[in-house]
Amino acid sequence: MTWDGNPAKKLGQNEQRKEFWDWAIGRVRIPSSAKQIFRHPNTPHPSTFSLPTMAFSVSASASASASASFYSERSSRFAPSAASSANQFSLQFPSRTRLLPIINPRAPASSRPRFLPLVQAKKQTYNSFDDLLANSEKPVLVDFYATWCGPCQFMVPILNEVSTRLRDKIQVVKIDTEKYPSIADKYRIEALPTFIMFKDGEPYDRFEGALTADQLIERIEAGFQVKQ
Amino acid sequence: MTTQASAFSVAVPSVAPPFRRLRNPFLVRAQAEPSDKSVEIMRKFSEQYARKSGTYFCVDKGVTSVVIKGLADHKDTLGAPLCPCRHYDDKAAEVAQGFWNCPCVPMRERKECHCMLFLTPDNDFAGNEQTITLDEIQESTANM
């Protein structure tokens, strides 16, 4: 019995191969009749997914975390009874995938962190970076970094400290320029790390290179003065 | 050293894939780790170039390790050690152009290394060592 209640088909060898590769590349066969029910209006077709889109790590002082993402919404719609009843669906696609947005009905997205918890950042999903900037009441310090950039890694504990010390005054956001090259291109990022301070969605200060916590706080507060 | 990178992996499902002939556990990891050989090459290069240019590694060897791994990673993927502390529109074009291939032009001309790999003695963050072992590199980047 498959998830849609039909008896499982016995597949020939070629069909098995196709099935396997579809699974391997992340395409899932859903009968077209089911697509209307399960497709969230804003999501693109599953075959176009590569990485989870638009997930930023946000060091936020307030607010509940991670589960406010459209993935969990899809998951709750996709397997409404899996969570609530004890029925075990036999699935044709892998039960544990982290990159694919196809949900695992055994573990609703909200109960399992999608990524390893990153330092003290809270992970939230926004529809776009602009959305994040527009919806923030406090000024936002954005750190553009890369995984293998030494000074960027050096700044990780420093940013944590600054985020704690200036908890009510700014929000700290980190953007991986390898994952979001379009955002990095938009703001013409060259050297890493680059820090840009945003207020009401507009950048008002920008500096590059690693600094100590005190120097960074000084620079941020100087920015506040100029703004006023 | 705390880190921002997370490791992605797709786990093998408990339901066996229908294609049984492939016994390979299909564990796919995002390209996060450079090869050991490249790391060793870039480590030797860093030591030799630091000696030659009279510069020193950072007090925090973690920074040095991360940069060496970044260079190794670019060498693996692009064929040349492009500076890991920059954002590029087109990496292949930059490799061909050569300005940012380590040692980059600013370093060669003015001893300016914004990656904090080669630091002149007057720099606040400069240590007094021009050597780094493979163990130090592996330890500092173990949690990435």
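Just so it is clear, the model here is predicted, and its values are computed rather than measured. Order of the sequence lines sets the chain letters (A, B, ...), proteins ahead of strands, with each chain counted from 1.
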Inset, instruction - Answer yes or no: are there more than 12 heavy-atom neighbours, outside A/Asp130 itself, under 6.0 Å from its atom CG? - result: yes
Legend entry - Separation between OG1 of A/Thr147 and NZ of B/Lys69, rounded to the nearest 0.5 Å: 12.0 Å
Legend entry - Closest heavy-atom pair and its distance - A/Ala184, B/His87: CB-NE2, 3.4 Å
Legend entry - Side chain, backbone, both or neither of A/Glu178 within contact of chain B (heavy atoms, under 4.5 Å): side chain
Inset, instruction - Would you name the heavy atoms of A/Pro151 and B/Cys85 that are closest together and state the gap between them? - result: CD-SG, 3.8 Å
Legend entry - Residue pair B/Met116 / A/Ala210: nearest heavy atoms and the distance that separates them: SD-CB, 4.1 Å
Inset, instruction - To the nearest 0.5 Å, tell me how far B/Ile68 CD1 sits from A/Trp148 CH2. - result: 11.5 Å
Inset, instruction - Taking atom CZ of A/Arg188 as the centre, report whether more than 12 heavy atoms of other residues, nucleotides or ligands fall under 6.0 Å from it. - result: no
Legend entry - Interface residue of largest heavy-atom contact number with chain B, from A/Asp185, A/Thr194, A/Thr177, A/Thr212, under 4.5 Å: A/Asp185
